[in-house]
Amino acid sequence: MKTLIAFIVVFGLIVLVHEFGHFYVAKKAGVRIREFAIGMGPKLFQTRKNGTTYTLRILPVGGYVRMAGRGEDESDSLRPGMTVTVVETDGLVTRINQSDQVELVGGRPFIIDDADLVNDLYLQGYWSDNEEELVKLAVDHDATMIEADGTEVLIAPADTQFQSAKLWQRALINFAGPFNNFVLTLVLFIGLAFALPGVTTTTIKAVRPDSPAALAGLKPGDTITAVNQQKVTSWQGLQGKIQPAQNKRLVLTYQRQHQSKKAVVKPQAVEIQGNKIGQIGIMPATTTALGARLKYAFQATGQAALQIWRAIVNLVQDFSLNKLGGPVAIYKSTEQASDYGLLSIVAFTAMLSINLGMMNLLPIPALDGGKLVMNGIEAITGHPVSEKIEVALTVVGALVLVVLMVLVTGNDILRYFIN
């Protein structure tokens, strides 16, 4: 139960923060946000404020944002012959009900013949008590639609749709989700930095006997300043250079009593949670200084981004399902993190958040990165990518991601529960 709660909180937080980025920037750009959902699946509760319907859904994992003009048009759902209930106010249709779950006070049944809720804003058809007289009803710009599951949202006229925003605004909307994940990572690392008794430095606190560092002559109190003449200013940066260099020669530059010295080490390969990393056998000293804590947070964020980037490059160069992880892998990682306490979960959430942000920036259709590529093409050519082409690419990209997710989840189940 502890692991399940931690998983819901961790996964839900990073997804909701991501979606809130899209939500906030789209709102500022004048794009109508029809629904902001917390959770997935069937609706439990809804409320509407400032034109947006907020829903709570039954599966407490993540959430989503529905922007006007993003892959849906009620005109398509109002098929000829369908009966809906409409409410008119001052000669304009203000509410349209497709749901059997909701009864509208003052509503009249209307049989649809034709509808346009994007440009001309009308319903055409017959009142159920007079199926011989064809009538055309004007629809209010801010009318609401009650969908089949009872969710009531504003309709999406053309001027409120995503496509109506300027190009730079659309690009910002697409980038805002990943950006929020980066911000969340930094905030979590700042919180972690101040929650820890002290933050790590590149000064050595202890050297393990007979380790590569001991054999090279390193001692407690030495401060490592460079690896292979590349400057290091944080423990995370030092780890980033040592861990991938198993059994490779490294030249460490360090300070001892204000004198610069050099030492040659060969990191030993050590297996941790199935992964081999290089270690030289040193423990870092810590500090409680305010500036050092803030520096630690920024450096940890940068190092996390670099680590994810290296993982992406490695995946492209040598693809393997074992290098990917889906919900099952996230659950198992959450379980491991929760065993070490709250601070471990915070660090894990920070890493997962920046992972989500960077993966979403990959130039794959259906991801934010793919949409940014479309924005770039439009900026270069002066014309938006054809809607048919964009929809086709998005569908293909989504199918590839779904297939990949199924394969990754199956592989995770084999790895963690069967093999």
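Here the structure is a predicted model, which means the values were calculated and not measured. One-based numbering along the sequence shown.
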[X] side-chain N/O to [Y] backbone N/O, donor-acceptor pair under 3.5 Å:
X    : Y    : value
D149 : T151 : yes
T202 : T225 : no
N97  : V84  : no
T349 : V10  : no
S353 : N181 : yes
R310 : G240 : yes
N180 : V17  : yes
N360 : L356 : yes
S344 : G341 : no

Using only heavy-atom distances, determine whether the side chains of [X] and [Y] contain a donor-acceptor pair under 3.5 Å.
X    : Y    : answer
T144 : E152 : yes
K276 : Q246 : no
K27  : T52  : yes

With Y64 via side-chain hydrogen bond (donor to acceptor under 3.5 Å, both in side chains) - residues at least two apart | E35, R57
Evaluate side chain to side chain contact (heavy atoms under 4.5 Å, CB included) for T160 paired with H141, printing each intermediate quantity in order.
-> CA-CA 10 Å; T160 69; H141 181 273; 3.7 Å; yes
Are more than 12 heavy atoms from other residues, nucleotides or ligands located less than 6.0 Å from atom [atom1] of [X]?
X    : atom1 : value
D129 : CG    : yes
F298 : CZ    : no
M283 : CE    : no
F36  : CZ    : yes
K266 : NZ    : no

Quick check for you: to the nearest 0.5 Å, what is the distance between [X] atom [atom1] and [Y] atom [atom2]?
X    : Y    : atom1 : atom2 : answer
I277 : Q243 : CD1   : CD    : 4.0 Å
R95  : L104 : CZ    : CG    : 4.5 Å
M374 : T394 : CE    : OG1   : 5.5 Å
F23  : K28  : CZ    : NZ    : 10.5 Å
F110 : L123 : CZ    : CG    : 6.0 Å
L137 : I96  : CG    : CD1   : 9.0 Å

Passing option when L188 is tested against T185, I190, L184, L192 for side chain to side chain contact (heavy atoms under 4.5 Å, CB included) = L184
Given V199, which of T286, T287, L294 fulfils the side chain to side chain contact (heavy atoms under 4.5 Å, CB included) condition?
-> T287
Considering all heavy atoms, the nearest [X]-[Y] contact:
X    : Y    : value
A176 : V25  : CB-CG2, 3.5 Å
A156 : G69  : CB-N, 4.4 Å
E133 : Y126 : O-CD2, 3.3 Å
M67  : F162 : SD-CD1, 4.0 Å
L117 : Y122 : CD2-O, 4.2 Å
T201 : P284 : O-CB, 3.5 Å

When you compare the side chain of [Y] with that of [X], does any pair of heavy atoms fall below 4.5 Å?
X    : Y    : value
V31  : Q169 : no
L78  : Q98  : yes
V139 : I155 : yes
N375 : L372 : yes
M351 : N355 : no
I204 : Y254 : no
L172 : F179 : no
I354 : Q307 : no

Step-by-step side chain to side chain contact (heavy atoms under 4.5 Å, CB included) determination, Q236 to Y296 = CA-CA 9 Å; Q236 291 78 17; Y296 167 88; 2.7 Å; yes
Step by step, would you call L250 with K241 a side chain to side chain contact (heavy atoms under 4.5 Å, CB included)?
-> CA-CA 9 Å; L250 296 179; K241 295 186 181 302; 5.8 Å; no
Keeping to residues at least two apart or across chains, list the salt bridge (charged side-chain N to carboxylate O under 4.0 Å, His left out) pairs with something in residues 154-178.
-> R170-E378
Evaluate the side chain to side chain contact (heavy atoms under 4.5 Å, CB included) criterion for residues D222 and L252: first the C-alpha distance (whole Å), next the side-chain angles of each, then the deciding distance (0.1 Å), finally the verdict.
-> CA-CA 11 Å; D222 293 344; L252 305 184; over 6 Å; no
